[in-house]
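Below is one structure; the comments refer to it alone.
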Number of protein chains: 2
Amino acid sequence: MLSKTCEYAVRAMIYVAQNSQNGQMVNIKKIAEKIGSPELFIGKILQGLSKRGFLQSSKGRYGGFYINDNDAKHSLADIVIAVDGDKIFKGCGVGLDYCSEKKPCPIHSEYKTARNQLFNIYKSATLEQFKSLKGSELVMLKRK
Amino acid sequence: MLSKTCEYAVRAMIYVAQNSQNGQMVNIKKIAEKIGSPELFIGKILQGLSKRGFLQSSKGRYGGFYINDNDAKHSLADIVIAVDGDKIFKGCGVGLDYCSEKKPCPIHSEYKTARNQLFNIYKSATLEQFKSLKGSELVMLKRK
DNA sequence: CTTAATTCAGATAAATTTGTCTGAATTAAA
DNA sequence: TTTAATTCAGACAAATTTATCTGAATTAAG
């Protein structure tokens, strides 16, 4: 479903959100370790998201990434769309470009329902929710 | 969601089913044209599915592919799993390997529901349904 | 001011997926 | 029996995705 890049991105954003509670920065090394991703790769991904305004970054010693209250308004769906595009939420279930109510594929209407449900799931999970988690509520994100 | 290979496979199988009504064979050239795929590529894919018993093939002049009544019991879900594996129907929504009821990811239970719904959609679309379609009911499968 | 730790930028490399080429084997029709 | 049309098999190639390398720029601490 999600590309690997996108899975890393979503997990990283959740992790950063969880660790952005009191102005502290999280560095790439820690993020990579905690979400189980290649360090340089998730670095690239977050740098891209940072340039596009999904999170803050600061360079130099003791630098890292941070998700402020405004960034935290984003949902996981926003991140997914930013990284993978909206094909997952809008595309056809058998890969037709033109598929629509008028020219439906064989599973169009049911598939559309499922797709929308999926969208709502990612959409209703906002970074704010993770930012406010405490201690034992924190979510594990290591891949294996 | 589905890989391109899998999208081709599903559309091709639907097309062959639709055209397997009276023992006629459908050749790769025609299939490729009708589903909008590279000819040699869908050829490879169908050869693989044929070896694994998802459809019949016959070589030589006037040869081609055919879906018999037994093959037609397969659902689109069977094809998807044969080609892409079951990650789409079983995998975690944020890419965790261990994600489960016991160690759930942040969207585990809702995601699982959506995943299951998706599975049911592909599962309840069987090739039989396409094999029995007539004339104007036939489904368009060209990509663009 | 120097040093160490970090992000950043651009190039490169490896792995995977998608697509093509070539020729052999098979088959039906003429 | 020859020919033409097809699937089949295995190698190859191109494109995309995933991952790494290198060095520059930045920043805080000592």
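A, B, ... follow the sequence lines: proteins, then strands. Residue 1 opens every chain. As the structure is a prediction and not an experimental result, all values here were calculated from the model. Side chains are part of it too, since the values below use all heavy atoms of this structure and drop only hydrogens, waters and symmetry mates.
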Exercise. How large an angle, rounded to 10°, do the end axes of the helix from C/dC1-D/dG30 to C/dA30-D/dT1 enclose when each is built from five base pairs?
Worked result: 0°
Seminar exercise, completed: Checking D/dT20, D/dT6, D/dA19 against the side chain of B/Asn27 (C-beta onward), the nearest is D/dT6
Exercise. Cut-off 3.5 Å, side chains only: do B/Asp71 and B/Gln56 have a donor facing an acceptor?
Worked result: yes
Exercise. When we call it a touch if two heavy atoms are under 4.0 Å apart, what does A/Lys44 touch: a base, just sugar-phosphate, or nothing?
Worked result: base
Exercise. Got a sec: does the NZ of A/Lys123 have more than 12 other heavy atoms crowding it under 6.0 Å?
Worked result: yes
For this session: Find which nucleotide of DNA chain D each of B/Phe65 and B/Arg61 is nearest to by heavy atoms, and output the residue with the more 5' nucleotide.
Result: B/Arg61
Exercise. Under 4.0 Å between a side-chain N or O of B/Ser58 and OP1 or OP2 of D/dT7?
Worked result: no
Exercise. C/dG19 base to B/Lys4 side chain: any donor-acceptor pair below 3.5 Å?
Worked result: no
Exercise. Would you say a side-chain N or O of B/Tyr8 is under 4.0 Å from OP1 or OP2 of C/dT18?
Worked result: no
Exercise. Rounding to a whole Å, what distance do you find between A/Met25:CE and C/dT7:P?
Worked result: 10 Å
Problem set entry | Interatomic distance, B/Gln56 CD vs D/dC8 P [rounded to whole Å] | 11 Å
Seminar exercise, completed: Atom CD of A/Gln47 and atom C1' of C/dT6 are separated, to the nearest Å, by 11 Å
Exercise. Rounded to whole angstrom units, what separation is found between the CZ atom of B/Arg11 and the P atom of C/dT18?
Worked result: 13 Å
Exercise. Can you tell if the side chain of B/Val26 reaches within under 4.5 Å of the side chain of B/Tyr66, non-hydrogen atoms only?
Worked result: no
For this session: Select base, sugar-phosphate, or nothing to describe what B/Leu46 touches, counting heavy atoms under 4.0 Å on all strands.
Result: nothing
Exercise. Can you check whether B/Thr5 has a side-chain N or O nearer than 4.0 Å to OP1 or OP2 of C/dT18?
Worked result: yes
Problem set entry | Nearest-nucleotide comparison on DNA chain D, the residue closer to the 5′ end among B/Gly43 and A/Glu39 | B/Gly43
For this session: Return the value, rounded to whole Å, for the distance between atom CZ of A/Phe41 and atom P of D/dA19.
Result: 5 Å
Exercise. Would one find a side-chain N or O of A/Ser50 under 4.0 angstrom from OP1 or OP2 of C/dT7?
Worked result: no
For this session: Rounded to the nearest angstrom, tell me the gap between atom CG in A/Leu55 and atom C1' in C/dC8.
Result: 14 Å
Exercise. When the distance from OH of B/Tyr62 to C1' of C/dA30 is rounded to whole Å, what number comes out?
Worked result: 10 Å
Exercise. Just checking, A/Lys103 and A/Tyr98: is the charged tip under 6.0 Å from the six-membered ring centre and within 45° of the axis?
Worked result: yes
Problem set entry | Ionic contact status for A/Glu33 with A/Arg11, cut-off 4.0 Å | no
Problem set entry | B/Glu101/B/Lys112 salt bridge by N-O under 4.0 Å criterion | yes
Exercise. Using a distance-only test with no angle check, is there a side-chain donor-acceptor pair under 3.5 angstrom linking B/Ser75 and B/Asp78?
Worked result: yes
For this session: Can you tell me the distance, in whole Å, between the NZ atom of A/Lys51 and the C1' atom of C/dG10?
Result: 10 Å
Problem set entry | Separation of B/Met1 CE from B/Cys6 SG (nearest 0.5 Å) | 11.0 Å
